[in-house]
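So the structure is just underneath, and the comments pick up after that.
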Protein chains: 2
Amino acid sequence: MYRQVKTTPRKRPRQTRSKETVESILGATARILVKHGFDGLTTNAVADQAGVSIGSLYQYFPNKQALVAALIERRLDDKNARTHAALAEVASAPFPVAVRTMIRLTIENYAAAPELSRVLIEQVPRVGRMARIAELHQGTLKLVAAVLQARKQELAVRDPDMAAFVLVASIEAIAQRAALFQPQRLSDPALIEETCTMVTRYLGVSDG
Amino acid sequence: MYRQVKTTPRKRPRQTRSKETVESILGATARILVKHGFDGLTTNAVADQAGVSIGSLYQYFPNKQALVAALIERRLDDKNARTHAALAEVASAPFPVAVRTMIRLTIENYAAAPELSRVLIEQVPRVGRMARIAELHQGTLKLVAAVLQARKQELAVRDPDMAAFVLVASIEAIAQRAALFQPQRLSDPALIEETCTMVTRYLGVSDG
DNA sequence: TGGCAATGTGAGTAATCGCTCGCATTCTAG
DNA sequence: CTAGAATGCGAGCGATTACTCACATTGCCA
């Protein structure tokens with residue numbers, strides 16, 4: 001689709017002040033991206049918002065795309081860490097508890113910054129990271145499938161891989177759509193309840 | 001987020017040749033948008049691809065955004081017509097049949113042009129139509145909720161509105177993710193089977 | 001056939017914006 | 001304290017692209 005651009009940093013910040021500069025730049029990038037999209041994300045606007053000079057910006061980021069790539073990387077790392085921690089936490093919990101926890105955490109994750117999530121995903125065809133996303137996503141599916149496989153005796157599941165795919169897609173979509181389009185549902189306990197109901201009934205476990 | 005741009009046509013094609021011109025322009029727009037994204041969608045590139053002059057393009061479209069807006073409109077109209085036809089078709093069918101039909105049609109819809117679907121949705125913050133999308137989406141939710149409400153006696157559903165939200169989000173996400181990320185699943189009968197299983201178990205009806 | 005409406009053309013303009021580079025300032029270690 | 005590394009600055013350049021406008025061609029109807 002797109003020719004890939006280099007997003008490797010030119011220089012890495014060593015001093016405190018330069019680390020703060022980079023943080024300011026990335027913070028400004030996120031704010032502008034959410035508010036104005038990629039079109040409104042001019043490097044001069046970022047530098048202005050961050051309170052640094054345009055030359056400083058280019059010290060640490062080789063081009064505009066690299067700004068966005070850095071945000072994407074951070075977000076993927078964060079999400080990956082959270083997912084693994086959550087899965088580790090519920091690995092041996094009873095299914096109803098595990099299901100509820102995963103759903104709750106997924107909703108919380110999207111509720112935190114729905115617009116930023118959305119707009120960053122949209123930049124992927126432009127700045128890269130599709131392979132990383134696919135890899136992390138596959139990783140999550142494998143973990144979920146492994147959990148389903150290990151406890152297949154207690155579940156009404158035919159194919160753990162397919163079940164993992166269907167469930168992950170559904171839970172993520174419910175969380176994302178609520179966050180983006182129906183934020184009032186985020187504070188309605190029924191959102192988690194109904195999502196749990198759907199999952200537990202599908203798995204054939206009673207809704208603890 | 002964005003300042004809205006005018007996307008009203010400057011002139012409407014009357015003769016066959018001008019209608020063909022407009023079709024060529026929109027066809028080229030779709031192809032370039034899918035292949036290169038909005039960045040690569042220059043009006044000169046569209047005119048080249050369509051085999052028309054840049055001046056002709058501006059005869060019918062006041063600006064670049066209007067090209068994309070026209071594609072979005074078409075897609076929304078198409079999807080809306082399909083959804084309503086499908087819902088009318090299954091309104092009185094037994095639930096297992098109705099569920100299977102809706103899932104199959106949703107998957108087929110996304111399977112037809114997954115990349116174009118994705119990239120058009122992403123242009124909405126840029127060219128408008130969010131209100132229209134929300135309206136159509138609400139319409140679909142209301143229709144589904146009405147069906148669930150009308151047959152609540154036979155379903156294990158607590159709140160038809162919430163159930164409609166959860167189901168529509170899930171089915172659409174499964175279809176979209178399969179189409180975009182795991183196209184091999186599109187030809188696997190288990191995809192429809194498992195999705196049907198999830199829905200019918202959630203609704204508390206037997207999986208005809 | 002002729003006149004007017006419909007349609008098509010594309011060179012060129014003005015604005016925007018990504019990015020550079022020469023210079024200035026601050027920090028750190030010997 | 002000094003020298004060199006680290007960091008910051010911003011005017012300005014060159015490339016790109018959305019769009020115009022004066023002119024040309026085709027279609028249709030009386």
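Quick note: numbers below take in every heavy atom, side chains included, and nothing from hydrogens, waters or symmetry partners. In what follows, chains are A, B, ... by sequence order, proteins preceding strands, each numbered from 1. Quantities reported herein were computed from a predicted structural model and do not represent experimental measurements.
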query: Who pairs with A:R82 by salt bridge (charged side-chain N to carboxylate O under 4.0 Å, His left out), at least two apart in sequence or on another chain?
result: A:D78

message: So does A:V119 get a backbone contact from the side chain of A:Q123, meaning a donor-acceptor N/O pair under 3.5 Å?
response: yes

- request: Take the protein atom CZ of A:R17 and the nucleotide atom C1' of D:dA6, then report the distance between them rounded to whole Å.
  value: 6 Å

- prompt: Touch check for A:R14, heavy atoms < 4.0 angstrom, all strands: base, sugar-phosphate only, or nothing?
  reply: sugar-phosphate

message: Run A:E20 and A:R17 through salt bridge (charged side-chain N to carboxylate O under 4.0 Å, His left out) and show every step you take.
response: CA-CA 5 Å; A:E20 288 171 354; A:R17 60 175 179 158; over 6 Å; no

- request: On DNA chain D, check which nucleotide each of A:S53 and B:T16 is closest to and give me the residue with the more 5' one.
  value: A:S53

Pull out every protein N or O sitting under 3.5 Å from an N or O of nucleotides 19-22 of chain D, one pair per line with the distance.
residue : atom : partner : partner atom : Å
D:dC19  : OP2  : B:Y58   : OH           : 3.1
D:dC19  : OP2  : B:K64   : N            : 2.8
D:dT20  : OP1  : B:R10   : NH2          : 2.9
D:dT20  : OP2  : B:R10   : NH1          : 2.8
D:dT20  : OP2  : B:R10   : NH2          : 2.8

query: Salt bridge or not for B:K79 and B:E172, using N-O below 4.0 Å?
result: yes

task: Report the residue (B:Q15 or B:T42) whose heavy-atom-nearest nucleotide on DNA chain D is the more 5′ of the two.
output: B:T42

message: With a 4.5 Å cut-off on side-chain heavy atoms, are B:V144 and B:M102 touching?
response: no

- prompt: What pairs with A:R74 under salt bridge (charged side-chain N to carboxylate O under 4.0 Å, His left out), at least two apart in sequence or on another chain?
  reply: A:E23

- request: Check A:E122, A:R75, A:Q176 against A:S117 for a side-chain hydrogen bond (donor to acceptor under 3.5 Å, both in side chains) and give me the one that passes.
  value: A:R75

message: Please give me every residue in residues 23-32 of chain A whose heavy atoms get under 4.0 Å of an atom in DNA chain D, ordered by residue number.
response: none

query: Which residue pairs pass the side-chain hydrogen bond (donor to acceptor under 3.5 Å, both in side chains) test when at least one of the two sits in residues 133-145 of chain B, sequence neighbours left out?
result: A:Q182-B:Q138

field: Span of DNA chain C, from the first to the last nucleotide whose atoms fall under 4.0 Å of chain A heavy atoms
entry: C:dC17 to C:dC27

- request: Tell me what A:S18 touches on the nucleic acid: a base, only sugar-phosphate, or nothing, going by heavy atoms under 4.0 Å.
  value: sugar-phosphate

query: Where do A:T197 and B:Y202 land on the side chain to side chain contact (heavy atoms under 4.5 Å, CB included) test, with the steps shown first?
result: CA-CA 7 Å; A:T197 298; B:Y202 173 56; 3.9 Å; yes

A:L105 vs A:E108, side chain to side chain contact (heavy atoms under 4.5 Å, CB included): CA-CA, chis, key distance, verdict: CA-CA 5 Å; A:L105 291 177; A:E108 284 170 5; 3.7 Å; yes

field: side chain to side chain contact (heavy atoms under 4.5 Å, CB included) assessment of B:D77 paired with B:R132
entry: CA-CA 10 Å; B:D77 290 342; B:R132 181 94 204 281; 3.2 Å; yes

query: To the nearest Å, how far apart are A:Q59 CD and D:dT7 C1'?
result: 6 Å

